[in-house]
Amino acid sequence: GKPWMIFCHEWVQITDGTIELVRLKKDLSATIGKPVTLFKATDAKWVKSLGEIGTSYQNNIRHGYVTDGPFLYRTKTGKLIMIWSSFGEEKYAVGLAESLSGKVRGPWKVVQEPLYRANGGHGMIFRALDGRLLLMGSRKIRFAPLDQALYTVIRQASAQRSALLSVCLFDVLLGSP
């Protein structure tokens with residue numbers, strides 16, 4: 001296949017952060033063409049401005065809509081989904097989008113509710129050695145000196161629910177089995 005790179009165009013540069021796509025040379029040494037916007041943060045109704053929720057950036061409250069940490073995953077049924085992070089009512093959160101074409105170029109449909117909303121983000125989906133499908137992310141716990149790892153069991157939803165995933169949450173400290 002052809003190599004592509006998906007990345008975030010930061011809100012500090014454009015206010016409403018975006019998820020972008022650009023082709024790469026086969027040897028990955030450079031891009032081919034200009035990036036294409038797949039979607040912007042405010043395409044998801046759950047996303048809040050940092051200023052709106054009182055979150056500071058470099059010790060200042062600033063207005064901006066974050067896109068962060070895109071991660072792609074192909075389901076058993078062949079759907080191409082993307083998890084990504086932004087800020088919602090409960091701070092850092094994980095969002096979900098689905099490629100309607102099943103291809104990286106999309107078009108992408110953003111799910112209007114966060115997959116995980118309780119101050120955790122930057123997720124990655126992987127299959128555990130025992131076969132369970134897991135979502136791993138990180139979050140800062142107030143007054144705790146360490147980051148915690150958040151492991152979430154994900155079950156693929158039925159075809160009627162498209163790329164929406166059922167979520168069951170439990171926290172595990174870094175370094176714990």
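Numbering starts at 1 and runs along the sequence shown. Quick note: numbers below take in every heavy atom, side chains included, and nothing from hydrogens, waters or symmetry partners. A quick note: this is a predicted structure, and the numbers were derived from the prediction, not measured.
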query: Yes or no on side-chain contact (heavy atoms from CB on, under 4.5 Å) for Trp108 and Ile19, after CA distance, side-chain angles and deciding distance?
result: CA-CA 10 Å; Trp108 287 86; Ile19 302 289; over 6 Å; no
- prompt: Rounded to the nearest 0.5 Å, how far does CD of Gln13 lie from OG1 of Thr18?
  reply: 9.0 Å
Contacts of type salt bridge (Lys or Arg N to Asp or Glu O under 4.0 Å), residue Asp43, not counting sequence neighbours: Lys40
query: If you measure from OG1 on Thr42 to NZ on Lys48, what distance do you get to the nearest 0.5 Å?
result: 11.5 Å
statement: One should read off an interatomic distance between Lys109 NZ and Leu96 CG, to the nearest 0.5 angstrom, of 10.5 Å
- prompt: Does Thr37 have any side chain to side chain donor-acceptor pair (under 3.5 Å) partners at least two apart in sequence or in another chain, and if so, which?
  reply: Glu20
- line: Lys26 and Pro3 have their tightest heavy-atom pair at CA-CG, 4.0 Å
Members sharing Leu24's hydrophobic cluster (side chains within less than 4.5 Å): Met5, Phe7, Val22, Leu28
Other cluster members, Leu100 - Ile/Leu/Val/Met/Phe/Trp/Tyr, side-chain contacts below 4.5 Å: none
task: Apply side chain to side chain donor-acceptor pair (under 3.5 Å) to Ser101 and list each qualifying residue two or more places apart in sequence or on a separate chain.
output: Ser99
query: Taking all non-hydrogen atoms of both residues, which atom of Ser85 and which atom of Val94 are closest, and how far apart?
result: OG-CG2, 4.2 Å
- prompt: What are the two closest heavy atoms between Ser49 and Tyr65, and how far apart are they?
  reply: N-CE2, 3.3 Å
message: Atom CD of residue position Glu10 - does it have more than 12 heavy atoms of other residues, nucleotides or ligands inside 6.0 Å?
response: yes
field: For Glu90, all residues meeting side-chain contact (heavy atoms from CB on, under 4.5 Å), sequence neighbours excluded
entry: Arg117, Ala118
query: Got a sec, which pairs hit ring-ring contact (aromatic ring centres under 6.0 Å, His included) with one end in residues 30-52, sequence neighbours left out?
result: Phe39-Trp84, Trp46-Trp84
Student check: side-chain heavy atoms of Leu21 and Arg105 closer than 4.5 Å: yes
task: Return the set of residues passing side-chain contact (heavy atoms from CB on, under 4.5 Å) with Ile32 (not counting sequence neighbours), or none when no residue passes.
output: Arg23, Lys25
message: Hydrophobic clusters here meaning ILVMFWY residues chained together by side-chain heavy-atom distances under 4.5 Å, can you tell me if Val47 and Ile6 are in one?
response: yes
- line: CD1 of Ile81 to CD of Glu98, rounded to nearest 0.5 Å, is 8.0 Å
task: Find the distance between CG (Leu115) and CD1 (Ile83) and round it off to the nearest 0.5 Å.
output: 7.0 Å
message: Checking the side chain of Ser86 only, and the main-chain atoms of Thr67 only, is there a donor and an acceptor separated by less than 3.5 Å?
response: no
query: Closest approach of Gly69 and Cys8, non-hydrogen atoms and distance?
result: N-SG, 3.8 Å
